[in-house]
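Notes to accompany the following structure.
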Amino acid sequence: MPELPEVEVTRRSFASEITGAQILAAVPGKPLRWPLGCSPARLVGQRVQGVRRRGKYLLVDLSAGLLLVHLGMSGSLRFAPSLPPAGMHDHFDLVTSQGVLRLNDPRRFGAVVFAESQDAAVAQKLLGGLGLEPLSDAFTFEALRAGLRASRAPIKQVLLGGKVVVGVGNIYASEVLFLAGIRPTVAAAAIGDVRMRRLHQAISDVLALAVERGGSTLRNFSSAAGNPGHFQLAARVYGRAGAPCLACGSTIQCLKQGQRSSFFCPRCQRP
DNA sequence: AGAATGACCTGCTGGC
DNA sequence: TGCCAGCAGGTCATTC
């Protein structure tokens, strides 16, 4: 369900409450995308040392290892002192001395994976190929340009791929390309400095604003504390095929790239 | 090696 | 009203 802002808002909503807690039980439900990778008993007794984020993964640091949590397309976390019995789509509970962290994920594209350390093979497989963190100091114009210059694939696909920059999902990919005036089909390597600068700025600004606003992309999004996201970042092009462009009035178009929908304004976004 | 496809799983919407 | 096709926020493995 989440793009980066939702994952970050989720992290902030429970990181401080769970930090320092001792794990009392780990209760898996139906299979998720990947197996936990260890016996639930192995987690018991470990302490939660903090919660970080890398791309769309949450990293729950434990006294002896870490849990990689991914929300997939439809996952969400709750953290509360106690929670009712697991419902139909609750597929993982981490019971701690400070509350229960619960993953609800109807489509089960999400996962909770244990790794002995961040260098462990599982962690490397999942995190090793990830690109720049768009909200970090490392996300400079030069770094983005260097990454994009190396790929001839359409820019929309490159943004979604996560190897150059992480966290830009299907909704924000359309939005930032609109703000930068770039057609989604343009080869990444063909983007000139002017539009590249606008793209860099758009990625930084849009994601930062969305985090600030509490994760506003999703219809059903709510943080782990149960606070609903507002809908303040109205999409300029995403989901608006056939409607007039808010900037020029042209009709917003939709096309399929890699089986995902891309939305763009044919006038504001040049090939 | 990079780039395009398929796969995973469930729920909701829209058209007939 | 009911059924079915198509679509949905992600990303890894497989194929070309």
Side-chain angles (χ1 to χ4, degrees), chain A residues 1-10 28-35 37 53-58 68-77 87-92 103-113 115 121-131 134 147-177 184-190 206-207 210-211 213-223 228-229 231 233-235 237-242 254-263:
Chain A
M1 98 195 252
E3 301 199 20
L4 183 146
E6 288 74 30
V7 178
E8 177 59 18
V9 168
T10 296
K30 282 190 190 175
L32 292 161
R33 175 158 193 187
W34 300 296
R53 179 186 57 72
R54 178 73 176 102
K56 294 170 192 164
Y57 290 89
L58 288 173
L68 311 186
V69 180
H70 199 290
L71 302 180
M73 292 271 255
S74 58
S76 61
L77 290 174
M88 163 119 59
H89 299 306
D90 295 325
H91 301 307
F92 193 89
L103 174 67
N104 178 278
D105 186 3
R107 289 178 72 179
R108 290 192 280 130
F109 282 5
V112 180
V113 176
V122 241
Q124 276 306 300
K125 188 183 73 172
L126 299 178
L127 306 176
L130 297 183
L148 295 182
R149 286 278 157 87
S151 177
R152 252 162 279 278
I155 180 62
K156 165 78 183 326
Q157 312 257 65
V158 177
L159 290 176
L160 279 187
K163 300 201 162 173
V164 175
V165 56
V166 296
V168 182
N170 202 43
I171 295 177
Y172 288 131
S174 282
E175 295 299 307
V176 298
L177 289 174
T185 46
V186 173
V206 168
L207 295 182
V211 170
R213 296 280 171 91
S216 52
T217 4
L218 305 177
R219 286 170 210 297
N220 309 323
F221 174 71
S222 62
S223 72
F231 275 95
L233 286 179
V237 288
Y238 185 85
R240 298 193 63 244
C254 177
L255 60 86
K256 293 286 176 199
Q257 293 179 285
Q259 283 128 275
R260 313 296 301 278
S261 297
S262 299
F263 298 86

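Computed from a predicted model, the values in this text were never measured in an experiment. Lettering follows sequence order; numbering is per chain, from 1.
No donor-acceptor pair closer than 3.5 Å links the side chain of A:Arg108 to the backbone N or O of A:Gly110. With hydrogens and angles disregarded, no donor-acceptor distance shorter than 3.5 Å links the side chain of A:Gln257 to the backbone of A:Pro154. Looking at A:Glu175, its side chain does come within 3.5 Å of a backbone N or O of A:Tyr238 through a donor-acceptor pair.
No side-chain heavy atom of A:Leu71 sits under 4.5 Å from any side-chain heavy atom of A:Asp105. Between A:Arg33 and A:His70, the closest side-chain pair of non-hydrogen atoms is not below 4.5 Å. When side chains are defined from C-beta on, A:Leu159 counts as touching A:Val165, because their heavy atoms get closer than 4.5 Å. Annotation: side chain of A:Pro134 is in contact with side chain of A:Leu4 (closest heavy-atom distance under 4.5 Å). Counting heavy atoms from C-beta on, the side chains of A:Lys156 and A:Asn170 come closer than 4.5 Å.
Atom P of nucleotide C:dT11 and atom CG of A:Leu68 are separated by 13 Å, given to the nearest angstrom. Atom NZ of A:Lys163 is separated from atom P of C:dT11 by 12 Å (rounded to the nearest Å). Atom CZ of A:Arg108 is separated from atom C1' of B:dG11 by 13 Å (rounded to the nearest Å). Atom pair A:Met88:CE and B:dG11:C1' shows a separation of 11 Å (rounding to whole Å applied). A:Leu126 places its CG atom 16 Å from the P atom of C:dG10, with the value rounded to the nearest Å. Distance CG (A:Leu127) to C1' (C:dT11): 13 Å, rounded to an integer number of Å. Summarising the geometry, the separation between CG on A:Asp90 and P on B:dT10 is reported as 15 Å, rounded to the nearest angstrom. Rounded to an integer number of Å, the gap from A:Asn170 CG to C:dC7 P is 13 Å.
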Structure string for DNA chain B in dot-bracket form, Watson-Crick and G-U at under 3.5 Å, | interchain = .|||||||.|||||||

Determine, for nucleotides 1-8 of chain B in 5'-to-3' order, which nucleotides have protein heavy atoms under 4.0 Å from the base (write B), from only the sugar-phosphate (write S), or from neither (write -).
-> --S--B-B

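Taking the P atoms as reference points, B:dA1 lies 24 Å from C:dT11, given to the whole Å. For B:dC9 and C:dT14, the P atoms lie 15 Å apart once the distance is rounded to whole Å.
Side-chain nitrogen and oxygen atoms of A:His70 include none within less than 4.0 Å of the OP1 or OP2 phosphate oxygen of C:dG10. Taking only side-chain nitrogens and oxygens, A:Tyr57 comes nearer than 4.0 Å to OP1 or OP2 of C:dC12. Contact annotation: A:Ser261 reaches the phosphate of C:dA8 (side-chain N/O to OP1 or OP2, under 4.0 Å). The side chain of A:Lys125 contributes no N or O atom lying less than 4.0 Å from OP1 or OP2 of C:dC12. Remark: A:His89 is not in phosphate contact with B:dC9, judged by side-chain N or O atoms under 4.0 Å from OP1 or OP2.
Every side-chain hydrogen bond (donor to acceptor under 3.5 Å, both in side chains) that A:Ser261 has, sequence neighbours left out, goes to A:Lys256.
For the side chain to side chain contact (heavy atoms under 4.5 Å, CB included) criterion with A:Trp34, the lone passing option out of A:Leu68, A:Val112, A:Leu126 is A:Leu126.
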